[in-house]
Amino acid sequence: MIQAVVFDVGECLVNEAREYGTWADWLGVPRHTFSAVFGSVIAGGLDYRETFQVFRPGFDLTEEREKRAAAGQPEWFDEEDLYPDVRSTLSALRSAGLWVGIAGNQTVRAGGILRALDLPNDMIATSDDWGVSKPDIAFFDAVAASMPCKPEEALYVGDRLDNDILPATTAGFKTALIHRGPWGVIQKNNRQAAQVPTMRIDSLAELPDRIEALNLAAR
């Protein structure tokens with residue numbers, strides 16, 4: 001039975017359109033051009049950071065984040081960037097007695113922003129907190145060590161096959177693939193998207209009923 005649900009951050013809880021738009025502005029390229037290249041990079045199975053190399057070879061994302069912060073333009077998201085199904089779903093899951101975690105590849109700053117949003121949760125952790133990033137299995141081992149149950153009793157929810165679903169499955173978690181954001185849309189028809197996840201969803205609002213059905217079937 002599922003006793004815990006852990007959520008990825010980008011495009012699962014947070015719409016990253018504003019963030020990537022500000023990166024296009026920082027690079028001095030039209031936002032639609034940046035988006036087109038971003039999608040092409042993802043569709044080609046490359047690391048999304050290769051997008052920046054197209055416009056500025058040698059681009060160092062960590063270094064540029066520091067430059068943006070120094071220029072008064074740090075990474076930022078707020079309540080308006082949360083998908084509309086986030087708060088209600090997290091609340092419903094906790095009301096149902098499930099442990100709710102949030103863990104993704106995020107900076108320490110992003111982790112602070114998440115905590116300030118005061119979302120219904122039992123844990124918020126980032127890759128920077130743990131010193132390990134997805135898709136490294138050690139990331140999911142860290143998630144497992146933070147939960148009150150075994151990985152097979154937990155559902156990891158993410159929008160990416162490569163970073164979320166495949167490594168989480170390898171680590172023993174049940175998984176839910178949400179079809180939104182660039183990866184969620186581009187990878188939707190991938191063969192593994194149909195075969196690997198425990199469930200596929202279009203909205204987080206589907207989770208409470210889907211989890212309840214799985215738990216009833218497991219009794």
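- Atom CZ of Phe173 and atom CE of Met147 lie 4.0 Å apart (nearest 0.5 Å).
- In this structure a side-chain-to-backbone donor-acceptor pair under 3.5 Å is present from Ser35 to Arg31.
- The side-chain tip of Arg68 points at the ring of Trp23 from less than 6.0 angstrom away and within 45° of straight on.
- Salt-bridge formation is detected for the pair Lys134/Asp8: a Lys NZ or Arg NE/NH1/NH2 atom is positioned less than 4.0 Å from an Asp or Glu carboxylate oxygen.
- Looking only at distances, a side-chain donor or acceptor of Arg200 sits under 3.5 Å from a matching main-chain atom of Lys188.
- Judged purely by atom type and a 3.5 angstrom limit, Asn215 has no side-chain atom pairing as donor or acceptor with the backbone of Met1.
- No donor-acceptor pair under 3.5 Å is formed between the side chain of Glu50 and the backbone N or O of Asp47.
- At distances below 3.5 Å, at least one donor-acceptor pair connects side-chain atoms of Glu153 with backbone N or O atoms of Lys150.
- Between the side chain of Lys174 and the backbone N or O of Ala154, no donor-acceptor pair lies under 3.5 Å.
- Side-chain atoms of Thr22 come within 3.5 Å of backbone N or O of Glu19 as a donor-acceptor pair.
- Salt-bridge annotation for Asp122 and Arg94: present, with a side-chain N of the basic residue lying under 4.0 Å from a carboxylate O of the acidic one.
- For the pair Arg109 (side chain) and Glu75 (backbone), a donor-acceptor distance under 3.5 Å is present.
- Here the side chain of Gln187 pairs a donor or acceptor atom with the backbone of Leu161 at under 3.5 angstrom.
- Counting only distance, with no hydrogens or angles, the side chain of Arg180 and the backbone of Val185 share no donor-acceptor pair below 3.5 Å.
- For Phe38 and Trp183, the ring centers are positioned less than 6.0 Å apart.
- Under the side-chain contact (heavy atoms from CB on, under 4.5 Å) rule, Trp99 has a single partner from Val6, Val5, Asn121, Leu93, which is Val6.
- Taking Glu63 as the reference, Lys67 meet the salt bridge (Lys or Arg N to Asp or Glu O under 4.0 Å) condition, with sequence neighbours excluded.
- Residues that satisfy the salt bridge (Lys or Arg N to Asp or Glu O under 4.0 Å) test with Asp129, not counting sequence neighbours, are Arg115.
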